[in-house]
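This report concerns only the one structure given below.
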2 protein chains.
Amino acid sequence: MPLFLSTHINKVDKKGRVSVPSGFRAALSDQSFQGVVLFRSNNFACLEGFAYSYMEELGERLDNFDLFSSEQDDLATAIFAEAVQLPLDGDGRIILSPELVEFAALNDKAAFVGLGPKFQIWNPQALDKRRIEARKTVSKSGLTVPKNNKAKAGAHD
Amino acid sequence: MPLFLSTHINKVDKKGRVSVPSGFRAALSDQSFQGVVLFRSNNFACLEGFAYSYMEELGERLDNFDLFSSEQDDLATAIFAEAVQLPLDGDGRIILSPELVEFAALNDKAAFVGLGPKFQIWNPQALDKRRIEARKTVSKSGLTVPKNNKAKAGAHD
DNA sequence: TGTTTTTCCATGATATTCCATAGATATCCA
DNA sequence: TGGATATCTATGGAATATCATGGAAAAACA
C-alpha cells in the first residue's frame, strides 16, 4: 500500500497545474494507474486524495455494509460520484479543475498533506488552523493508534 | 524489529547534515527502506525517530479506523502529516530540514538517544537537563520499572 | 480556424551523490 | 608485546542529478 508522509507546499499555476510532491509520486510508482483520485472532503474545505487501487478497495469495503442503507448510499454518492481521476503528466503534475481549486481555495499554493493511506490537499493557511485543531484534539482526548488486532469500525458521526 | 541503544552525539553541519550513529545504522541494515522517519515530539523539544517499517505498521493500524472519521483524521494529521522520511546518504548521514533543526535547537550538535524500538534526537544541553529532571522525578516519586507481564510478543532482551 | 488541452523543453533552485581527509579503532605480524 | 597497517567513522566540500515551475510548441477538439 502506498504510504503518504509529510507535508509539501507547491505552487498552483494559472492553468491549475500543480506538481505532486516527488515523495508521493514515489509512493505511487508501483501503481498500475500513474495518477491520483481526488474528491471534495465531506468534513473540511480540502480535497481528499488516494491511489486508484485504494479506491477499488474502498468499493469493496462499502460492499460489506448494507447495500441499500441510506447512509452507505449517501457515502457512495459523496465519494464515487464526486471523484475525479487525474493522471500525472510527464513532469509529475496534475491539473486541478476550477471547481476543485475553488472548493479548497487553492488559488496560489496547495499543501499536500500525507495521512498514511490517503492524503489531503489544503490551502496552506487553512491547514495551519486545522493542524492546531488536530493536535489539540489528539492530546486532549488521548487518542492513540489502536493495536492491529482490535480493529474497530462504526463509531462515526 | 530494529533496536536502538545508547547515546551518540554528532555534528550537524550548516546544510543540516548529520551522521546517524553507526550502531543505529546497523540496527536498520535489514530494513527495506534505508533511512529513518522523524517527527516533532509532542512532549519535548526533541525529534522522535523510527524505522520506516514502523510507520507502515502504523499506517495499517490507522486503516482500521473509519476512513473519514474525525479520529482517523486527527491522528493522521498529527502523526503522518508531521513525519518526514529521510534516506541515508552514501556516508550514513541524513539531512535535517531547517524546521526540524529549529524545533529541537540542533544548531551545532545532535544527541541520538536510543530508546529501543524508537530513538530521539536532542540538543545535548537540553538532554542533560531532561535527564536530571527525569532522575529527580524518579527518586522523588519512587517510580520503578513495572513487571514484565504486559510485555508484547517479541520484546525479549 | 479559433480554442482548449496536452506534451515538450528551459531554467534556477534544491537535493543528492561523490570524493577527500582526519581521527579513532581494530587487526595483523614479527 | 609493540609497532605498523588496515578499517571504519565522522565530517567538509565539490560535482552531479533531480525537482518544481513557467512558458512554448504540438495536438486534439469544436
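This is a predicted model, so every value here is computed, not measured. Chain letters run A, B, ... following the sequence lines, proteins first and then strands; every chain starts at 1.
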Assess the residue pair A:Phe112 and A:Phe4 against the criterion (ring-ring contact (aromatic ring centres under 6.0 Å, His included)); give the C-alpha distance rounded to whole Å, side-chain angles, the decisive distance to 0.1 Å, and a yes or no. CA-CA 9 Å; A:Phe112 286 76; A:Phe4 302 103; 9.7 Å; no
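- Within 6.0 Å of the CD atom in A:Gln85, the count of heavy atoms belonging to other residues, nucleotides or ligands exceeds 12.
- Within the nucleic acid shown, B:Val12 has no heavy atom closer than 4.0 Å to any nucleic acid atom.
- With rounding to whole Å, B:Asp13 atom CG is found 13 Å from C:dA15 atom P.
- Within 6.0 Å of CD in A:Glu56 there are more than 12 heavy atoms belonging to other residues, nucleotides or ligands.
- Here B:Asp91 pairs with B:Arg93 in a salt bridge; the nearest charged N to carboxylate O distance falls below 4.0 Å.
- Checked by atom type and distance alone, the side chain of B:Ser41 pairs as donor or acceptor with a backbone atom of B:Asn43 at under 3.5 Å.
- For the pair B:Arg17 CZ and D:dA10 P, the interatomic distance rounds to 14 Å; values are reported in whole Å.
- In this structure, CD1 of A:Ile94 is placed 16 Å from C1' of C:dT5, rounded to the nearest angstrom.
- Ranking D:dG23, D:dT11, D:dG13 by closeness to the A:Lys15 side chain, first place goes to D:dG23.
- When the C1' atom of D:dT18 is taken as reference, atom CG of A:Asn10 falls 14 Å away, rounded to whole Å.
- Nucleic acid contact for B:Pro87: none, since no nucleic acid atom lies under 4.0 Å from a heavy atom of the residue.
- Minimum atom distance to the side chain of B:Ser22 is reached by D:dT9, of the listed D:dT9, D:dA14, D:dT21.
- Between the base of D:dC19 and the side chain of A:Asp91 there is no donor-acceptor pair shorter than 3.5 Å.
- Taking atom CD1 of residue B:Ile95 and atom P of nucleotide D:dT18, one finds them 15 Å apart after rounding to whole Å.
- Note on A:Lys14: a side-chain N or O is less than 4.0 Å away from OP1 or OP2 of D:dG23.
- Residue A:Arg93 places its side chain closer to D:dG22 than to any other of C:dT6, D:dG13, D:dG22.
- Summarising the geometry, the separation between CG on A:Asp89 and P on D:dG23 is reported as 16 Å, rounded to the nearest angstrom.
- For B:His8 and C:dT25, the NE2 to C1' distance is 15 Å, given to the nearest whole Å.
- One interatomic measurement links the two molecules: CD1 of B:Ile9 to C1' of D:dT11, which rounds to 16 Å at whole-angstrom precision.
- Comparing atom distances between the B:Lys11 side chain and each of D:dG23, D:dA20, D:dT11 picks out D:dT11 as nearest.
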